[in-house]
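Because the structure is predicted, anything quoted here is derived from the model rather than measured. In what follows, every heavy atom counts, from backbone to side chain, and hydrogens, waters and symmetry copies are set aside. Letters A, B, ... mirror the listed sequences (proteins, then strands); counts begin at 1.
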Amino acid sequence: MLPKHLRLTKKSAFSATYRVKHSVYKGGIALFAGIGKKEPEIDTRVGFVVSKKTHKRAVKRNRLKRLMRESYRLMLKSGEVGNSQKYLSIIFVGHEKAIGKSFSEISSIIKKLLGEI
RNA sequence: UAAAGCAGCCGGAUAAUCGCGCCUAACAAGGUGAGGAAAGUCCGUGCAUCCAAGGACAGAUUGCCGGAGAAACUCCGGACGGCGUGAGCCGGUGGAUAGGACCACAGGAAUGCAAACUGCCGAUGGAUUUUUCGAAAUCACAGGCGAUGGUGCAACGGUGAGGUAAGAGCAUCACCAGCGAUACUGAGAAGUAUCGGCUAGGCAACCCCCAAUCGGAUGCAAGAUUGACAGGAAGGCUAUGAGGUGUCCGCCCACUUCCGAAAAAUCGCUAGAGAUUGAAAGUAAUUUCAAUACCAGACAGAUGAUUAUCUAAAAACAGAACACGGCUUAUGAGCUGCUUUAUUUU
RNA sequence: GCCCCCAUCGUCUAGAGGCCUAGGACAACACCCUUUCACGGUGUAGACAGCGAUUCGAAUUCGCUUGGGGGUA
């Protein structure tokens, strides 16, 4: 879990990010990006979504969310976050193909997504 | 030794680094942090709001007996029935003599003291033949019968003997099943014995009858408090201020109250029909008493990642959202105790 | 999270305990008709979500499971 000031916490913020319609998809994970930053010192907020339609079991959905969150956190710490810091908000959406993959696979997918956005 | 039955345990462990929710603190740290099913939502409660507030009917639920429990499509003990060689397991198990409906096809007939299939008989009455004139034989016409074969899930008790023209529970008998009455045993379900009249189909997870129980609806997104920005309504023109004016009245805005209401905030929210340990009562479910500690509480929603070691192995089903009692379903590897059956040895 | 409803051929449906080896329409396939296609005609294949219980007998009655849909902001 990331600190609260780095997370998206409002429904309006989520829908505002989706409305920009700027997205990349790879290996079962989609990455949405919101509007660009004007002042670079503002933190980029991030959200992680796995819908109930993706898989029925809560354990599998939570697992995917945790893996995505952990790999983003480690990249944020080491500074390998690609172009993501140019945006005010980003959202990772997990799909059915990504369920059951290991941490290293998820990590490499997210690294590619952050480079391409 | 093998195969079974029952009851129960466990639900990865340790260390390091990075990281998260909550609490205490106050910027340094410390404490604590998912389950045996948290699941399905199939029952039952607490809690909350609204409606009703008396009685009857209607309706719903339950359905062998006794006990436990707040209650339950709950649990425990027993009865009866079924399955199994057995240990054991399973059972929505009141009433069919209150009444109604239904029982396809087949079959004579499906509940009406019934026969138009296949049949048995020809005692009695009738016809024909023979005759030793007593009667006998044949026919299957009247009629008698419900045993045999067949149908069907099911055919109005079963088996054997007696009996008869042939037959039949047939005012006959033995045993068995079932029904009723009486007596005894038991708290009761029920069991045992004797006697009776000889027989009563199934279905109530169809309506129904009987007995017992039940205010209804909605679910914590229940509900309570605070309440920003718009906007609307009412009050008061007086004690105050501003506007226009030379002054006053009047008007209007500040003002006050109410409505409204942010994916807003706080509460509800976790100290409990609770947990652990021990003792006592009870066959048991369970109850009582004592001690100990406080043990998740989020709101885009916390337990994760990596490495090392252990184990057969980086391991099944699976993630709290107000709480509790059950039921049901899912579940890897392994362990413990008791019991049964079979085989072998002593 | 909480509360409801539904499930029958590829699709839409009929069915209320036996007449159901489940009927009909559209679609599919084959043949006929036509110079050919269409229309029309004849035929063929194709389903009770799964498991158990009640019953002589279950698509239908009763449980459990599975899948789908809806409501609640």
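Between the CZ atom of Arg61(A) and the C1' atom of G1(C) there is a distance of 12 Å, rounded to whole Å. Between the CG atom of Leu64(A) and the C1' atom of G304(B) there is a distance of 13 Å, rounded to whole Å. Taking atom CZ on Phe92(A) and atom C1' on A300(B), their separation rounds to 15 Å, with Å as the unit. Protein atom NZ of Lys65(A) is 13 Å distant from nucleotide atom C1' of C20(B), rounded to whole Å. For the pair Phe48(A) CZ and G304(B) P, the computed distance is 17 Å after rounding to whole Å.
With Glu105(A) contributing its side chain and Ser102(A) its backbone, the two residues share a donor-acceptor pair below 3.5 Å.
Separating the P atom of A302(B) from that of A320(B) is a span of 11 Å, rounded to the nearest Å. A gap of 41 Å separates the C1' atoms of A330(B) and A280(B), to the nearest Å. Between A205(B) and A187(B), the two C1' atoms lie 33 Å apart (nearest whole Å).
Taking a pair to require two hydrogen-bonding distances under 3.5 Å in either a Watson-Crick or a G-U wobble arrangement, A230(B) remains unpaired. Using Watson-Crick or G-U wobble geometry with both donor-acceptor distances under 3.5 Å, G84(B) finds no partner in any strand shown. Across all strands shown, A290(B) forms a Watson-Crick or G-U wobble pair with U277(B), both key distances being under 3.5 Å. Using N1 to N3 plus N6-O4 or O6-N4 for Watson-Crick, or N1-O2 and O6-N3 for G-U wobble, each under 3.5 Å, C184(B) pairs with G191(B). When both pairing distances are held under 3.5 Å, G92(B) makes no Watson-Crick or G-U pair with any nucleotide shown.
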Check nucleotides 305-308 of chain B for protein N or O atoms closer than 3.5 Å to its own N or O atoms and list the pairs.
residue, atom, partner, partner atom, Å
A305(B), OP1, Arg63(A), NH1, 2.0
A305(B), OP1, Arg63(A), NH2, 2.5

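In this structure, Phe48(A) and Phe92(A) have parallel ring planes: the angle between them is below the 30° cut-off, well short of the 60° mark.
For U303(B), the OP1/OP2 oxygens have a side-chain nitrogen or oxygen of Arg66(A) closer than 4.0 Å.
Ile91(A) places none of its side-chain heavy atoms less than 4.5 Å from the side chain of Val46(A).
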